[in-house]
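Okay, so here's the structure we're looking at.
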Amino acid sequence: MSFLLQQLLLHPRRILDLDNAQLNQLISQARSSNLLASLAMELASEHLENQLSPSVTRHFQSALLIHEKQKRDLDYDIEKIRLALDSIGEKLVLLKGAAYLLAELPVGRGRLISDIDIIVPLQSIDPTERALNEVGWESSYINSYNEYYYRKWGHEIPPLTHLKRGTTLDVHHNILPPTAGPNVDASLLFERLIEVKPGIFTLSRQDMVIHSATHLFHEGEFRHGLRDMWDLDRMLRDFPDQDPNFWKGLVDRGRELELLNSLYHGLNYAQLVFGTPLPDGIIKEAENLSRRLRKPFMDFLFLRAFQPDHPQCRQRFTSLALYLLYVRSHYLRMPLYLLLPHLARKAWMRHFDKKESLENEKTPEAI
Amino acid sequence: MQQLANLSDSELNQRLAFEGLDLQVGPYIYKIKTNLPLVGSGISTLYKNFNLAQPEAFIDYNVAILSKGLLQRLRGQSDFLFDNTNPFDSIPTGQAYAFLEWGMNWCVSLHTNEYLKLHAAAVARGDHTIIMPGVPGAGKSTLCAALGLSGWRILSDEHAMIPPNTTEVVPLCRPVSLKNESIGVIKRFSSNAIFGPVSRETHKGVVAHMKADLHPQSHEKKTLKARTMVFPRYAKDETQRLSPRRRTESFILAAYHSFNYSLLCETGFEAMKTLIENVTCYDLVYHDLDWAVNAVDSLADPEPNP
């Protein structure tokens, strides 16, 4: 029962065998994992949606409508961002969800997004931010410790929110913080961009996979862990068909970007969670002694994290694994002499500086 | 069909605490869990005459409001959970009932899109169905509650749901949310009003919910044809009036107050167009509730007997 969602994504026809209680669990898991529209697309590709009762189908239809709306809104926002960047002579380079959707890749089928991620060279960060400010994208973190932290230690500036449309935009200058262990030379990423629409670029296919894996294995919260794994699986199944040289040099590229460790985990867990087909020997090529020795422990942690975020999917020690991964993500992000003061400051803010810690407080709106 | 009232107190508490209480609410089924006595008593008062879902039915929305662990209990906080995850921050347990109701609204506002959803109350008397869109504070819920206490059937206090390309309203009767002064206004309006727990100091002030299914047909599922759209507005110092309103302006305002007009895109436009072309639109400016109820009555009964 606990592997329901993963199985259904891969074998959508099995939905016809589920009873109402299982359907409820499936939809609930998919919705909380942000995979409901992705699952809906898989069902639609086998024309299964009309074989379900209308009271079930309406949930899939609703997720697809949200997906369609996000795509429309994204096209509009992207055009505005492209023009703003164009005014300072900078290229628009999309990352993650926005890139998958704009490039119309199979990984974008039903992919829901919560914000738009772009990357610009470090030296262009200030002019980029000013150009975006002028067309309505503003930072909501003004003069706060959070803002200071982003600017001093981050690989992105504080999130920008559009004043009227409310969309969130993350402007990166690298794919990992400068304080993290791997020292990623972001200029290498800019050497291999793909133009997917006039004036709109994404990373190369290999870099997209490496970035997705990096993001996932440096993340501290796994609410979208399964969704990110699904992204990886979709890319690893599709890209070799698009580019016969995709596998060749993937591991070398990971090594060149100092992100081989993340790539290794990404390949490993895609295969374990979704049975992603990999060419013979690629895991061996990415492996080394330290990775091999740590693997049993990493499996213990990650195979729990890549479950839907749902009580039915919890195994023994899931909470412990998630906690250890959270600690691990901090330790990967920065050395202890930076981490400890940062955590102390955050703890202080949580208890004594209500205004600042409430910056992201959510209350139900318009209800 | 079995009603919640058929359950004994201990059966109700057992369900709320463990397997979940499956309630049929309009076209949807909610599974509700809670470990808070305050919320349990609110549900037993306000949902007393709601139907329980058929056993084994497909559940649309899994919701819960729980205070978990010693620390959270000591802090007096609770969480609203949807699909077992927490979409909002923790809230003071004293406000839990209001948050359950808001959370249940939120499920419909965000996660269903088979209908055009207007942010509007809807009421019916005989074959006359009225949709009442309104901005927060316009007095839509107050008027809706007063109409419900005056023989009108409350179809919804929050979501007027219109299947695209029809002028039908899908009933979704749930307790009416009243805020601040409106609570006293409705208590004075009728002694028949039944209230659930009062939540104080919420982001909307004092909130209490009124039992809405007072009409014998409250839980019938059949859709009803909308005839009229009334835009109520409470204004203390203005002359009270019920005056015709232009369709174009009504279209724009109703679209603006819709939860999913833009999400539905062309379907949303066509749905709104069909609706607006087939209803008569009015502005209702009021400060006296009895006057307002009479005014709405006059729409259903254009020539009352002397």
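For the numbers below, each heavy atom of this structure counts, side chains included, while hydrogens, waters and symmetry mates do not. Quick note on labels: first sequence line is chain A, next is B, and so on, each numbered from 1.
Residue Leu110(B) touches chain A through its backbone alone, counting heavy-atom pairs closer than 4.5 Å. Of the two parts of Glu56(B), only the backbone, made up of N, CA, C and O, holds a non-hydrogen atom closer than 4.5 Å to a non-hydrogen atom of chain A. Heavy atoms of Leu36(A) lying under 4.5 Å from chain B are absent altogether. Looking at Ser262(B), both its backbone and its side chain come within 4.5 Å of chain A, counting heavy atoms on both sides.
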* Asked: Between Asp83(B) and Ser28(A), does a side-chain hydrogen bond (donor to acceptor under 3.5 Å, both in side chains) hold up when you go through it step by step?
  -> CA-CA 5 Å; Asp83(B) 288 338; Ser28(A) 180; 3.0 Å; yes

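Distance check: Leu65(A) CG to Cys265(B) SG gives 9.5 Å after rounding to the nearest 0.5 Å. The CD atom of Glu68(A) lies 12.0 Å from the CG atom of Leu264(B); values are rounded to the nearest 0.5 Å. Atom CD of Gln70(A) is separated from atom CG of Leu263(B) by 9.5 Å, given to the nearest 0.5 angstrom. Here Asp19(A) contributes atom CG and Phe58(B) contributes atom CZ; the two are 11.5 Å apart, rounded to the nearest 0.5 Å.
Counting only distance, with no hydrogens or angles, the side chain of Arg31(A) and the backbone of His111(B) share no donor-acceptor pair below 3.5 Å. At least one donor-acceptor pair closer than 3.5 Å links the side chain of Asn24(A) to the backbone N or O of Ile59(B).
The environment of Glu79(A) atom CD is dense: over 12 non-hydrogen atoms of other residues, nucleotides or ligands sit within 6.0 angstrom. Remark: Arg200(B) CZ is loosely packed, at most 12 non-hydrogen atoms of other residues, nucleotides or ligands lying under 6.0 Å away. Counting heavy atoms of neighbouring residues, nucleotides and ligands inside a 6.0 Å radius, atom CD of Glu19(B) exceeds 12 of them. Within 6.0 Å of the NZ atom in Lys197(A), the count of heavy atoms belonging to other residues, nucleotides or ligands exceeds 12.
Checked against a 6.0 Å centroid threshold, the rings of His59(A) and Tyr28(B) do not count as neighbours.
Residue with the most contacts toward chain A among Ile29(B), Thr267(B), Asn62(B), Asn260(B): Asn62(B) (heavy-atom pairs, distance under 4.5 Å).
No option in Asp60(B), Asn113(B), Thr112(B) other than Asp60(B) meets the side-chain hydrogen bond (donor to acceptor under 3.5 Å, both in side chains) test with Arg58(A).
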